[in-house]
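Worksheet: the structure to be examined is printed underneath.
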Amino acid sequence: MPPPKNPFKAALAQDGPPLLGIWLSLAAEGNAEALAGTSADWLCVDSEHAPLDLDLLRRLLTAGQKANALVARVPINETWVIKTFMDAGTQTLIVPMVDTVEQARRAADAMRFPPDGNRGAAGGSRAADYGRIKDYLTTANQEVCTIIQIESPEAVSNIEAMAEVPGIDGMFIGPNDLAVTHGYPGPSHPDVEKLIEQTIGRINAAGKASAILSFDPEAAKRYIGYGARFVCVGSDTNLLTGGAERLLAGFR
């Protein structure tokens, strides 16, 4: 029995409209389950800026199984961290703060079993359906999807070189870190906006899927216009707080 197909990776390989995602930042199973029933093309379980341990990750992945596609973001580009996320059942990972070819290769290799990488072999993990996928160790690599984050001047300068690393499927622009590492307080500055447009273009020209996050609908639409292939347009946090404020404003 082969591993489950990765619907996110399959969607990236097709021509079509941009894939719209929702971020899961509140580390709440109910949020994952509720948002999995929406028309979002993908959900991202965030572990970089959310209080998320591995047991909760497993439960969030289970709660979000109805989603069109599930993605997770690891807290750091470390082989052992990536291994545990993969064993928990993730197939697509966003890896933050990747600046160099060496770091891009570390991320891609950690997600794949030898000979394509150096992921530690475990045939009885949740990812292998607790041992029921008998050929998991020889078939899992084909469904892996590696997305690295572009968040610094060094990363921007290395886009084309990192795109040549085997196993890199896409590059996700972190707009806030991209702004502050270039000396601006946020992504709304015109210079940062121009940099984002240029960076999306370079990622696309390098043959990789470009991505970005913005909870400002107008900014997200501009990024889509620049050619971003997949865009996170909201989070459980901003949907909850924003929805509450809009509701209350109607009574003020």
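Note that these values count all heavy atoms, side chains included, but never hydrogens, waters or copies made by symmetry.
Summarising the geometry of G227 relative to S210, their closest heavy-atom pair is O-OG, 3.4 Å, with the distance given to 0.1 Å. The two residues P18 and A228 make their nearest non-hydrogen contact at CB-O, 3.8 Å. Here the shortest heavy-atom pairing between A63 and A36 reads O-CB, 4.4 Å. Residue S25 comes nearest to P51 through the heavy atom pair O-CD, 4.3 Å, listed as atom of the first residue, atom of the second, then distance. The nearest pair of heavy atoms linking A28 to L60 is O-CD2, 3.4 Å. Nearest heavy-atom pair, A220 versus V233, reported as atom, atom and distance to 0.1 Å: CB-CG1, 4.1 Å.
Counting only N and O atoms by type, the side chains of T138 and D135 include no donor and acceptor under 3.5 Å apart. Between the side chains of D99 and S152, at least one donor-acceptor pair of N or O atoms lies under 3.5 Å. Between the side chains of Y223 and E218, no donor-acceptor pair is found at a separation under 3.5 Å. Checking T100 against R105 by side-chain atom types alone, no donor-acceptor pair falls below 3.5 Å. Under 3.5 Å, the side chains of D109 and N118 contain no donor-acceptor pair of N or O atoms. A side-chain donor from one of T62 and R126 sits under 3.5 Å from a side-chain acceptor of the other.
Judged purely by atom type and a 3.5 angstrom limit, R59 has no side-chain atom pairing as donor or acceptor with the backbone of E29. Remark: the backbone N or O of K9 is paired with a side-chain donor or acceptor of N6 at under 3.5 angstrom. In this structure, E151 contributes its side chain and M97 its backbone to a donor-acceptor pair below 3.5 Å. In this structure, the side chain of N158 does not engage the main chain of A161 through any donor-acceptor pair within 3.5 Å. With hydrogens and angles disregarded, no donor-acceptor distance shorter than 3.5 Å links the side chain of K83 to the backbone of A110. Of the possible donor and acceptor atoms, none in the side chain of R229 sits under 3.5 Å from a partner among the backbone N and O of N204. Without hydrogens or angle criteria, R132 side chain to A128 main chain gives no donor-acceptor distance under 3.5 Å.
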Run the numbers on M162 and I148 for side chain to side chain contact (heavy atoms under 4.5 Å, CB included), then give the verdict.
-> CA-CA 9 Å; M162 292 192 294; I148 58 173; 4.0 Å; yes
Side chain to side chain contact (heavy atoms under 4.5 Å, CB included) assessment of K221 paired with Y226 | CA-CA 9 Å; K221 290 174 183 177; Y226 299 155; over 6 Å; no
Verify side chain to side chain contact (heavy atoms under 4.5 Å, CB included) between V156 and L178, making sure each step is shown before the conclusion.
-> CA-CA 9 Å; V156 171; L178 189 70; 3.7 Å; yes
Quick one: do D41 and N68 satisfy side-chain hydrogen bond (donor to acceptor under 3.5 Å, both in side chains)? Show the steps, please.
-> CA-CA 5 Å; D41 296 305; N68 288 319; 4.8 Å; no
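Note on L137 and Y130: separate hydrophobic clusters, where clusters join Ile, Leu, Val, Met, Phe, Trp and Tyr whose side-chain heavy atoms are under 4.5 Å apart, directly or indirectly. Tracing side-chain contacts under 4.5 Å through hydrophobic residues (I, L, V, M, F, W, Y), one never reaches V180 starting from I212; they form parts of separate clusters. Taken together through direct or relayed side-chain contacts under 4.5 Å among Ile, Leu, Val, Met, Phe, Trp and Tyr, L35 and L26 form parts of separate hydrophobic clusters. V45 and I76 fall within a single hydrophobic cluster, where Ile, Leu, Val, Met, Phe, Trp and Tyr are joined by side-chain heavy atoms under 4.5 Å apart, directly or via other members. By the criterion of side-chain heavy atoms lying less than 4.5 angstrom apart, applied directly or through intervening Ile, Leu, Val, Met, Phe, Trp or Tyr residues, W80 is grouped together with L93 in one hydrophobic cluster.
Under a 4.0 Å N-O distance rule, the pair K66/E33 does not qualify as a salt bridge. In summary, R222 and E197 do not engage in a salt bridge, as defined by a charged side-chain N under 4.0 Å from a carboxylate O. Between K194 and D191 there is no salt bridge, since no side-chain nitrogen of the basic residue lies less than 4.0 Å from a carboxylate oxygen of the acidic one.
Using a 4.5 Å heavy-atom cutoff, the side chains of L52 and L24 are not in contact. Looking only at side-chain heavy atoms (C-beta outward), V74 and S47 stay at 4.5 Å or farther from each other. Side-chain atoms of D236 and I22, non-hydrogen and from C-beta on, never get closer than 4.5 Å to each other. Side-chain contact between L61 and R58: absent, with no pair of heavy atoms (C-beta onward) separated by less than 4.5 Å. Using a 4.5 Å heavy-atom cutoff, the side chains of E164 and V101 are not in contact. A 4.5 Å side-chain heavy-atom check between M86 and R119 finds at least one atom pair inside the cut-off. Put simply, the side chain of I159 reaches to within 4.5 Å of the side chain of I203, judged on heavy atoms. Q149 places none of its side-chain heavy atoms less than 4.5 Å from the side chain of V98.
Between L43 atom CG and S235 atom OG the span is 11.5 Å, to the nearest 0.5 Å. Going from atom CG of D169 over to atom OG1 of T92 covers 7.5 Å, rounded to the nearest 0.5 Å. Atom CG in N77 sits 6.5 Å away from atom CD in Q103 (nearest 0.5 Å). Atom OG1 of residue T199 and atom CD1 of residue I173 lie 5.0 Å apart, to the nearest 0.5 angstrom. Considering CG of L20 and CD1 of I224, their distance stands at 5.5 Å, rounded to 0.5 Å. Once rounded to the nearest 0.5 Å, the distance linking NE2 of H189 with CD1 of I196 reads 12.5 Å.
Under a 4.5 Å side-chain heavy-atom criterion applied to ILVMFWY residues, the cluster that includes L12 comprises F8, L19, W23, W42, V71, I94, I147, F172, L213, F215, F230 as well.
Heavy-atom neighbours of Q198 CD from other residues, nucleotides or ligands within 6.0 Å: above the threshold of 12. Other residues, nucleotides and ligands place more than 12 heavy atoms under 6.0 Å from the CD atom of E154.
Of the residues I82, D87, V81, the one that meets the side chain to side chain contact (heavy atoms under 4.5 Å, CB included) test with F85 is V81.
Partners of Q91 according to the side-chain hydrogen bond (donor to acceptor under 3.5 Å, both in side chains) rule, which considers only residues two or more places apart in sequence or in another chain, do not exist here.
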